[in-house]
Protein chains: 2
Amino acid sequence: MTDTYTRLVSQGLGKDLAKRLGLPQPAVLRRYTPGQALVNGPVLVQGSTPGADELATTLLSWNLDVRRHAVPGEKLGAIILVLDGLAAPADLEKPVLSAAASLRDLGPSARFITVSRPAAEAGSPAEAAARQGVDGFVRSLAKELRAGATANGILLADEAQSTSPSTLGALRFFLSGRSAFVDGQFLTVSSANGVLPADPDQPLAGKVAVVTGAARGIGAAIARTLHRDGATLVLVDIPAAGDHLAAVANEVHGTALQLDISHVDAGQRILEHTLQRHGRLDIVVHNAGITRDKLLANMDHARWNAVLNINIGAQLRINEALLASDQFRGAPRIVSVASTSGIAGNRGQTNYAASKGGVMGMVRTTAPLLAARGGTINAVAPGFIETEMTARIPFAIREVGRRLNALQQGGLPSDVAEAIAFLASDAAGGINGDILRVCGQNLVGA
Amino acid sequence: MTDTYTRLVSQGLGKDLAKRLGLPQPAVLRRYTPGQALVNGPVLVQGSTPGADELATTLLSWNLDVRRHAVPGEKLGAIILVLDGLAAPADLEKPVLSAAASLRDLGPSARFITVSRPAAEAGSPAEAAARQGVDGFVRSLAKELRAGATANGILLADEAQSTSPSTLGALRFFLSGRSAFVDGQFLTVSSANGVLPADPDQPLAGKVAVVTGAARGIGAAIARTLHRDGATLVLVDIPAAGDHLAAVANEVHGTALQLDISHVDAGQRILEHTLQRHGRLDIVVHNAGITRDKLLANMDHARWNAVLNINIGAQLRINEALLASDQFRGAPRIVSVASTSGIAGNRGQTNYAASKGGVMGMVRTTAPLLAARGGTINAVAPGFIETEMTARIPFAIREVGRRLNALQQGGLPSDVAEAIAFLASDAAGGINGDILRVCGQNLVGA
C-alpha cells in the first residue's frame, strides 16, 4: 500500500543500506482498518484543567488506557496537550516542557495533539500571542517526530469546548489511523454542533453520498471509504469513464451516474438521480478535477477555461442547485477537494492553482449558507498523493515531490478519502468552512 | 552583495559551467539605491476599468512609460493587472490571458503585480472563488518567472481603492528594487489612510525611529536603511554588544541605548531616552531576537524561556508601555520581525517558532489598538537571509536553505530592512495587522 522505495527501506537489507547511505527512511504508516484499536498504546493527557480532566474522563469511557501522569519507560500511543486557557506566551512553558519529557516514549505512528483556541478570537495581544504560539510550536514539533508519529492541533472557537462533539470527533480522527498522512495541521471546531456515531466503524450508516470523478484514483478511493463507513453511494463521472465507473459502482453497491459535471443542469440531474434512486441526499463530495499544465506564457484559452470551468465553475453551479432545493436539508454535508497547489502555487499550474484557490474561497464563503440549514462545507487539500496522475511524473521530480514532507513519502488516495469521510460524518458537524491539508506536512506552503 | 555562489554563476565561465551542469543559476537581483529609476522599463497596465485607467493616469504622473496595450517586442519593466471587479472565476480568463501574452517581454528583475480584493470580504461564493483564485494564480506565476522577476499582489479591502495612498505605496514598493526578495506575496490595504512622501527617496524624513537588536546583522541593516530614508535613529541592544552598537550608531548619526529589552521597564526606558534626546517617537522596530535551538525532547526550561521572553514577551511589554503613553501618538508605527519558521515550523525550533508565531498573533490583535491612534502595526517574516547566524549553518544545509525558493538564493539583511522601512512609512498608513514574507517565495510554508 506504500510506494516501492518505502517498502524497500523499511526492513532487512534495504533498511541497513538506506541507513548507511544516509537515504530517507520513511516509516510505514499505521492506517485505519475497521475494528482496529483507536490508538496504539496508552494516552497521556496533560495541560490545563478542567479541560484536561474532562477529556481524560471521556477517553476513559472509550476504553482507552489513559494516563494523567507519565509512567517512566512506558511506551505511549498518544500525548494530548490541553492548552485552552493560555493568557500569555509564558503560560506555554509548564505544559509544553512537561509533555516534552514524554516525547521519547512515543511509539511508532504515535500522536501528539494539542487542544487550544484560535488566535483570531483572542481578547488581548498577549492572549493572541500565546494562541498563535501553539501554531508555530505544533508545526515545528511535527517536523521533529519520527517513525510515522504526527503532531496536529484542534482549535476551539468560543462556542466550542474540549468535550463538544466535534472536538471529540476531531480527536478520534487525529488519534486514529484515519489521519495517517495528516501532519502539522489544525482543525477548527467552530460550534457545539455534531453527534458522535453510535458505531465508530460505521459513522456514515444510513447516509446517501454523491462522489464526483469517482471512476478512478482519489475519487474511487473516496467511494470505497464512504462505502466502508456505511454510506450508500451515487458515483458520478463522465461518459468516457463509464466502464471504470460501473466497476467501482458495482464494487461499492452504489449507482453510477454518467454525467459531465460542467453541464449547466448537472446539479439538478444529481439531485434527481439521487432522490429517485435512494430517496435522500446527505453528502456531496466535489472530487472531479482536471489538470492542463502549461507555463502561463504558453497558456491557451482552452486549457485555462477547461480547468477553471470543471474544477471550480461546476462546483459553484452544483452547490447553487443543491442550496436551491428543499431536499438538501437535515444537516447536509459538502466536502471539496482542493490542493496544496492552490495554497502555495505551482510552476506550470496557474490555471489549476487558480481553480483550487477558488475552491477554498468558495468553501469559506459558502459555510454560512450551509450552517443556516444545519450543515457544513469543508475542503481537503491533498499534497503529493500516489495516483496514476503522479505516476506519470518523471522519476526524479516524483522522488523530490514525494520526500519533501515531514513523513518523507507520498500519501495514498485512501488518506485523502479518510479525511473526507471524517468531514462528511456527523462527528464533524461543528467543523464548517475549514480547509484540512492531507500532505504529510509538505514543505510546500504559502 | 549576494552570496559567493550566486556571483560565481552569474557571469563568464561560471555561468557557462553552471548551465552545463544543470546547477541553479540565481539571478543577481536589482536592489534599490537612492535616485534609481522606480522600474526598469515601460509599465503595462491591464485589467478592469475604471481601476486600470485610474492607475495608469497616476503612473503617468510619476513620469513612468505607461502602456495600456502591449507593443509587440518591447521589453517591459512591469505588468500591472487590475482585477478588482471579479464576480466569478470565469472573469479571470480575459485579463489573465491578455497579460500572459506579454510575459515573454518582461526584462530582468521585472515585476508582475495584481490588484484585487480579499476573498474574506466577498459577497457570494462565486466572488470569493474568483478572488481566492488570484492568490493561487499569483503564487504559481511567481514560480514561473525567471531572471529575478517577481509576482506579487495587492488586496484592496472594501474601504480601499486602486488609487488609495497605500495602494500606490504598495505598488511603488513592489515595483521598486526595495522588494527584490519579496515574491509570491500579498499586501492588504485595509483603509484609505496613508500619505505618499513628498520625496520618494526620503520617505522617513523627520521621523524618529527605535530599532532593537541594532548592533549587527538584520538590525544594523534596518538602522542603515531607515537612516538612508531620512529617519533619526535610536539604536537599542544589550550592553555586551555595546561596541558594535556604538559603531552602528556612529555610522547612522543616531544615539545608542544599551538595554536588555527583557527588563520589565524596557518600554519606559526606550520612551524616556527617545523623547529626551529626540523630542518625539514615531516608529518602533521590534527586531531583537535570539535562537536557542534544541529538539523538544532535549529542550530545557532556560532555552525555552529565554526565547519566549526575549522574542515575544519583551515586545508585548514594550508595546504596552508605548500604548500607555500620550507621547506615542500621531500615526505611530510598530513593525515586528517574525519568521517563516513561525509560519511553517522548523525542526529544532519549537521555542523559536512558538515565539515568532506569537509575534504574528500579537500583531494582528494589536492592530485595532494602533488604528485607534491613527497608527499601524505590521510584521515581516524573513525566510533564509544571509547573516552571521546563517553563515554558521553547515554548508550543505545552508545551500539547501538558500536555494529552496523561487529566486534560488538567500536574501540580504537589507531586503528585510527595505520591507520594514516601507511598512514604517506614511505611504503604508493603510496597511495594518499584516504579515509580509521576505523569503524569495521560500518553499517552506504552512
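Residue numbering restarts at 1 for every chain, and letters A, B, ... go by the order of the sequence lines.
Contact check for A/Asn298 versus B/Arg104: side-chain heavy atoms found under the 4.5 Å cut-off.
With A/Ser140 contributing its side chain and B/Asn346 its backbone, the two residues share a donor-acceptor pair below 3.5 Å. Distance alone, capped at 3.5 Å, is enough to place a donor-acceptor pair between the A/Lys143 side chain and the B/Ala344 backbone. The backbone N or O of A/Gly136 lies less than 3.5 Å from no partner atom in the side chain of B/Lys356, so there is not a single donor-acceptor pair. Without hydrogens or angle criteria, A/Glu144 side chain to B/Gly348 main chain gives a donor-acceptor distance under 3.5 Å.
Pairing each heavy atom of B/Ala128 with each of A/Thr365, the nearest pair is CB-OG1, 2.9 Å.
Heavy-atom proximity under 4.5 angstrom to chain A picks out B/Ile312, B/Leu316 from residues 309-324 of chain B. Taking 4.5 Å as the heavy-atom cut-off, the residues of residues 89-98 of chain A that approach chain B are A/Pro89, A/Leu92, A/Glu93, A/Val96, A/Leu97, ordered by number.
In terms of heavy-atom pairs under 4.5 Å with chain A, the best-connected choice from B/Leu141, B/Val359, B/Val134, B/Asn351 is B/Leu141. Taking B/Ala120, B/Ala126, B/Ala119 one by one and counting their heavy-atom pairs under 4.5 Å with chain A, the maximum is reached by B/Ala126. Chain B forms the most heavy-atom pairs under 4.5 Å with one residue out of A/Met362, A/Glu127, A/Arg131, A/His301, and that residue is A/His301. If you tally non-hydrogen atom pairs under 4.5 Å between each of A/Ser355, A/Cys439, A/Ala129 and chain B, the highest count goes to A/Ala129. Most heavy-atom pairs under 4.5 Å with chain A, from the set B/Ser124, B/Ala406, B/Ala101: that is B/Ser124.
Partners of A/Ala70 under the side chain to side chain contact (heavy atoms under 4.5 Å, CB included) rule, at least two apart in sequence or in another chain, are A/Leu44, A/Ser102. Taking the side chain to side chain contact (heavy atoms under 4.5 Å, CB included) definition, one finds that A/Asp135 meets it with A/Gln132, A/Arg139, A/Phe186, sequence neighbours left out.
Interface residue A/Arg364: only side-chain heavy atoms are found under 4.5 Å from chain B. When heavy atoms are compared at a cutoff of 4.5 Å, A/Leu308 approaches chain B solely by way of its side chain, counted from C-beta outward. For chain B, no part of A/Ser339 is nearby; none of its heavy atoms comes within less than 4.5 Å. When heavy atoms are compared at a cutoff of 4.5 Å, A/Leu369 approaches chain B solely by way of its side chain, counted from C-beta outward.
Results of the side-chain contact (heavy atoms from CB on, under 4.5 Å) test with B/Pro125 over A/Val363, A/Ile377, A/Thr366 single out A/Thr366 as the only residue that passes.
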